[in-house]
Participant: 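Supplied in structure tokens, the structure appears directly below.
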Amino acid sequence: MFLYCGIACRRKFFWCYRLLSTYVTKTRYLFELKEDDDACKKAQQTGAFYLFHGLAPLLQTSAHQYLAPRHSLLELERLLGKFGQDAQRIEDSVLIGCSEQQEAWFALDLASLHKPEMETELKGSFIELRKALFQLNARDASMLSTAQALLRWHDAHQFCSRSGQPTKKNVAGSKRVCPSNNIIYYPQMAPVVITLVSDGTRCLLARQSSFPKGMYSALAGFCDIGESVEETIRREVAEEVGLEVESLQYCASQHWPFPSGSLMIACHATVKPGQTEIQVNLRELETAAWFSHDEVATALKRKGPYTQQQNGTFPFWLPPKLAISHQLIKEWVEKQTCSSLPA
């Protein structure tokens with residue numbers, strides 16, 4: 001038995017070592033491409049390109065799911081030539097990742113080309129990412145979210161805020177530099193807290209008027225300058241629903257491409273006992289309410305969005321699995337389920 005356990009432990013160790021080595025190798029490779037323009041240009045020769053038009057990714061439909069088609073450098077050069085574009089346009093591409101075999105991935109926005117003709121040529125459609133996100137597999141969703149946020153950042157930072165002169169991106173698109181004063185600009189994300197408030201047995205969910213009908217989610221808000229995550233959570237909960245937070249617990253984080261690239265920081269929060277009366281800030285929310293464990297557990301099993309029922313209402317449903325708010329709510333339900341089980 002001891003020998004068996006020893007072999008099993010060694011196998012686990014070597015598996016972890018290989019996993020770590022692969023991750024480190026990929027990370028070092030991507031770092032090299034970001035810092036070395038020549039290395040990045042070389043990687044484009046064997047890399048794969050994902051195309052956008054006006055920040056909308058090119059997608060194809062397969063079995064009720066969207067797939068993001070890939071294009072080689074040669075295919076991209078042929079496409080640009082067919083539409084009367086110089087291959088120099090490829091310099092506008094940005095590095096968005098790589099495979100375990102070190103195949104570099106790039107994204108390129110071709111907004112200046114005629115959209116319908118491109119869709120016909122490429123046998124796909126340029127679809128707004130917000131509409132398509134939850135019908136993509138996890139890998140494509142993450143990759144295209146990164147690509148869109150990076151492409152948007154470059155589009156919005158073409159001039160130096162100090163000199164007013166045009167900035168120039170490096171080949172990988174990991175930074176922009178002002179040639180007149182050598183100021184370097186790096187892509188940034190806005191930190192956002194998303195908080196599931198609980199009173200011990202219930203959780204508080206809210207909706208904005210922009211949400212799909214019937215969908216509720218956790219509270220969310222941007223961090224203000226000078227705030228810590230804890231201070232932001234306490235302020236947001238007080239502002240939006242008039243409750244005072246007593247304790248906090250970190251859950252997870254997620255990059256979110258909307259509105260222009262955010263870091264979603266998910267946390268659980270409990271309110272002070274006896275202080276559960278909600279005062280909804282109608283400038284921020286349409287409504288908010290307490291929901292029981294059973295109500296939320298049932299909603300987690302539903303797949304939305306839903307159509308209007310005969311009585312004019314919409315079923316209560318929650319954000320899709322890809323959204324970190326879903327993970328946050330699911331974690332709360334699982335904790336409540338475990339705590340209710342007999343010892």
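What's counted below: heavy atoms across the whole structure, side chains too, no hydrogens, waters or symmetry copies.
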Participant: Around R162, counting heavy atoms of other residues, nucleotides and ligands shown, do more than 12 lie under 6.0 Å from its CZ?
Facilitator: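 Atom CZ in R162 is not packed in, count stays at 12 or less.
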Participant: Are the side chains of I96 and F106 in contact, using a 4.5 Å heavy-atom criterion?
Facilitator: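 No. Closest side-chain heavy atoms not under 4.5 Å.
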Participant: What do you reckon, is CD of E239 surrounded by more than 12 foreign heavy atoms closer than 6.0 Å?
Facilitator: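 Result for CD/E239: enclosed.
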Participant: Under a single-linkage definition using a 4.5 Å side-chain heavy-atom cutoff for Ile, Leu, Val, Met, Phe, Trp and Tyr, are V237 and L282 assigned to the same hydrophobic cluster?
Facilitator: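 Yes, same cluster.
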Participant: Hey, is the main chain of P212 close enough, under 3.5 Å, to the side chain of R207 for a donor-acceptor pair?
Facilitator: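 Present.
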Participant: Considering all heavy atoms of both residues, which atom of V94 and which atom of L151 are nearest to each other, and what is their separation?
Facilitator: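 Closest approach of V94 to L151: CG2-CD2, 3.8 Å.
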Participant: Can any side-chain N or O of E240 pair as donor or acceptor with the backbone N or O of L219 at less than 3.5 Å?
Facilitator: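 No.
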Participant: Please determine whether residues V280 and M215 belong to a single hydrophobic cluster, defined as Ile, Leu, Val, Met, Phe, Trp and Tyr linked transitively by side-chain heavy-atom distances below 4.5 Å.
Facilitator: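 They do not share one cluster, since no chain of ILVMFWY contacts under 4.5 Å joins V280 to M215.
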Participant: Show, in sequence, the C-alpha distance, side-chain angles and deciding distance for V171 and D38, and conclude whether the side-chain contact (heavy atoms from CB on, under 4.5 Å) test is met.
Facilitator: CA-CA 8 Å; V171 176; D38 290 335; over 6 Å; no
Participant: When rounded to the nearest 0.5 angstrom, what distance separates CG in N281 from CD in E236?
Facilitator: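 Between N281 CG and E236 CD, I get 9.5 Å after rounding to 0.5 Å.
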Participant: With sequence neighbours excluded, tell me which residues meet side-chain contact (heavy atoms from CB on, under 4.5 Å) with Y250.
Facilitator: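 Per chain and number, Y250 pairs via side-chain contact (heavy atoms from CB on, under 4.5 Å) with S253, I265, C267.
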Participant: If you apply the rule side chain to side chain donor-acceptor pair (under 3.5 Å), what do you find for S198 with W332, and how did you get there?
Facilitator: CA-CA 9 Å; S198 172; W332 178 83; 3.3 Å; yes
Participant: Supply the atom-to-atom distance L204 CG to L196 CG, rounded to the nearest 0.5 angstrom.
Facilitator: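 Between atom CG of L204 and atom CG of L196 there are 8.0 Å.
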Participant: Can L59 and L144 be said to form a side-chain contact (heavy atoms from CB on, under 4.5 Å), step by step?
Facilitator: CA-CA 10 Å; L59 300 174; L144 295 180; 3.8 Å; yes
Participant: Any side-chain heavy atom of L55 sitting closer than 4.5 Å to one from D109?
Facilitator: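 Touching, per the 4.5 Å side-chain cut-off.
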Participant: Taking only residues at least two apart or on different chains, which pairs with a member in residues 55-77 satisfy salt bridge (Lys or Arg N to Asp or Glu O under 4.0 Å)?
Facilitator: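 The answer is R70-E103.
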Participant: Between K82 and E121, does any NZ, NE, NH1 or NH2 come within less than 4.0 Å of an OD or OE carboxylate oxygen?
Facilitator: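 Yes.
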Participant: Between E227 and T232, does any side-chain donor sit less than 3.5 Å from a side-chain acceptor?
Facilitator: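 Indeed, the side chains of E227 and T232 share at least one donor-acceptor pair under 3.5 Å.
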Participant: Are side-chain heavy atoms of S210 and E286 found at a separation under 4.5 Å?
Facilitator: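 A side-chain contact is absent here, since even the closest heavy-atom pair is not under 4.5 Å.
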Participant: Can you see whether W105 has R139 sitting over its ring - NZ or CZ less than 6.0 Å from the centre and within 45° of the normal?
Facilitator: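 R139 over W105 ring: yes.
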Participant: Using the side chain to side chain contact (heavy atoms under 4.5 Å, CB included) rule, pick out the option among L285, V241, T287 that qualifies with I278.
Facilitator: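 The single option meeting the side chain to side chain contact (heavy atoms under 4.5 Å, CB included) with I278 is V241.
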Participant: Between Q254 (side chain only) and L322 (backbone N and O only), is there a donor and an acceptor less than 3.5 Å apart?
Facilitator: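 Present.
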Participant: Between the side chain of K42 and the main-chain N/O of D37, is any donor-acceptor distance below 3.5 Å?
Facilitator: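 Not at all, since once roles are kept as given, no pair shorter than 3.5 Å links the two residues.
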Participant: Using only heavy-atom distances, determine whether the side chains of E331 and H268 contain a donor-acceptor pair under 3.5 Å.
Facilitator: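 Yes, a side-chain donor-acceptor pair sits under 3.5 Å.
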Participant: Taking the side chain as every heavy atom from C-beta outward, state whether H255 and S262 have any atom pair closer than 4.5 Å.
Facilitator: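 They are not in contact (no side-chain heavy atoms under 4.5 Å apart), so the answer is no.
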Participant: Counting neighbours of CD on E277 that are heavy atoms of other residues, nucleotides or ligands and sit closer than 6.0 Å, is the number greater than 12?
Facilitator: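 No, not enclosed.
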Participant: Could you measure the distance from the CG atom of L318 to the CG atom of L328? Nearest 0.5 Å is fine.
Facilitator: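 The CG atom of L318 sits 11.0 Å away from the CG atom of L328.
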Participant: Report yes if the side chains of F49 and P69 come closer than 4.5 Å at any heavy-atom pair, otherwise no.
Facilitator: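 No, side chains not in contact.
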Participant: Distance from R89 atom CZ to L76 atom CG, nearest 0.5 Å?
Facilitator: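 That separation rounds to 9.5 Å.
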Participant: Is the backbone of S228 close enough, under 3.5 Å, to the side chain of E231 for a donor and an acceptor to pair up by distance?
Facilitator: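 Present.
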Participant: S145 versus L133: any side-chain heavy-atom pair under 4.5 Å?
Facilitator: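 Yes - at least one pair of side-chain heavy atoms lies under 4.5 Å apart.
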Participant: Dump the intermediate steps for salt bridge (Lys or Arg N to Asp or Glu O under 4.0 Å) on D155 and R152, then the final yes or no.
Facilitator: CA-CA 5 Å; D155 184 61; R152 182 189 283 113; over 6 Å; no
Participant: Might you point out which heavy atoms bring E32 and A39 nearest each other, and give the distance in Å?
Facilitator: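 Smallest interatomic distance, heavy atoms only, reads OE2-CB, 4.0 Å.
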Participant: What are the two closest heavy atoms between A323 and F134, and how far apart are they?
Facilitator: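 Result for this residue pair: N-CE2, 3.9 Å.
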Participant: Just by modelled atom types, is the S292 backbone N or O under 3.5 Å from a matching donor or acceptor in the E295 side chain?
Facilitator: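 Present.
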Participant: Could you state the interatomic distance from CE (M143) to OH (Y50), rounded to the nearest 0.5 Å?
Facilitator: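 Between M143 CE and Y50 OH, I get 3.5 Å after rounding to 0.5 Å.
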Participant: Going by side chain to side chain donor-acceptor pair (under 3.5 Å), name the residues that satisfy it together with S62, two or more places apart in sequence or in a different chain.
Facilitator: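 S62: no side chain to side chain donor-acceptor pair (under 3.5 Å) contacts found.
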Participant: Using the side-chain contact (heavy atoms from CB on, under 4.5 Å) rule, take Y29 and L33 through it: C-alpha gap first, then chi angles, then the decisive distance, then the call.
Facilitator: CA-CA 6 Å; Y29 178 62; L33 300 189; 3.6 Å; yes
Participant: Would you say L136 and Q65 make side-chain contact, with heavy atoms under 4.5 Å?
Facilitator: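 No - every pair of side-chain heavy atoms lies 4.5 Å or more apart.
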Participant: Any idea which heavy atoms bring A68 and D140 closest together, and the distance?
Facilitator: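 That would be N-OD2, 3.4 Å.
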Participant: With clusters defined by side-chain heavy atoms of hydrophobic residues (ILVMFWY) lying less than 4.5 Å apart, directly or transitively, does L79 cluster with F52?
Facilitator: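 No; L79 is not reachable from F52 via cluster members.
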Participant: Can you list the steps and then say if F291 with Y216 is a ring-ring contact (aromatic ring centres under 6.0 Å, His included)?
Facilitator: CA-CA 10 Å; F291 292 86; Y216 281 72; 5.3 Å; yes
Participant: Test of understanding: with side chain to side chain donor-acceptor pair (under 3.5 Å), list the residues that count as partners of E246, not counting sequence neighbours.
Facilitator: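 Residues passing side chain to side chain donor-acceptor pair (under 3.5 Å) with E246: none at all.
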Participant: Judged by atom type as modelled, is there a donor-acceptor pair below 3.5 Å linking the side chain of H53 to the main-chain atoms of F126?
Facilitator: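 Here the side-chain-to-backbone pair does not exist.
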Participant: Would you compute the distance between atom CG of L108 and atom CG of L58 and round it to the nearest 0.5 angstrom?
Facilitator: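 So the gap between those two atoms works out to 11.5 Å.
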Participant: Go through the steps for K330 and L300 under the test side-chain contact (heavy atoms from CB on, under 4.5 Å), then give the verdict.
Facilitator: CA-CA 7 Å; K330 182 181 178 182; L300 278 172; 4.3 Å; yes
Participant: Do you see a donor-acceptor pair shorter than 3.5 Å between the side chains of K335 and Q249?
Facilitator: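 The answer is yes; a qualifying pair exists.
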Participant: Which heavy-atom pair separates K34 from N170 by the least distance, and what is that distance?
Facilitator: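 Closest heavy-atom pair between K34 and N170: O-ND2, 2.9 Å.
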Participant: Taking atom types as modelled and ignoring hydrogens, do the side chains of H293 and T201 form a donor-acceptor contact shorter than 3.5 angstrom?
Facilitator: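 No, because no side-chain N or O of H293 sits under 3.5 Å from a partner of the opposite role on T201.
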Participant: Which residues satisfy the side-chain contact (heavy atoms from CB on, under 4.5 Å) test with R130, sequence neighbours excluded?
Facilitator: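 Per chain and number, R130 pairs via side-chain contact (heavy atoms from CB on, under 4.5 Å) with E128, F258.
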Participant: Please set out all donor-acceptor pairs under 3.5 angstrom arising from side-chain atoms of residues 175-184, sequence neighbours excluded.
Facilitator:
from: R176; atom 1: NE; to: H157; atom 2: O; distance (Å): 3.0
from: R176; atom 1: NE; to: T167; atom 2: OG1; distance (Å): 2.8
from: R176; atom 1: NH1; to: H154; atom 2: ND1; distance (Å): 3.0
from: R176; atom 1: NH2; to: T167; atom 2: O; distance (Å): 3.0
from: S180; atom 1: OG; to: S163; atom 2: OG; distance (Å): 3.3
from: N181; atom 1: OD1; to: I183; atom 2: N; distance (Å): 3.0

Participant: Mind listing the closest non-hydrogen atom pair of W290 and L243 along with its distance?
Facilitator: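 W290 and L243 have their closest heavy atoms at CZ2-CD1, 3.8 Å.
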Participant: Check whether any side-chain heavy atom of T270 sits under 4.5 Å from a side-chain heavy atom of V245, and report yes or no.
Facilitator: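 T270 does not reach V245 side chain to side chain.
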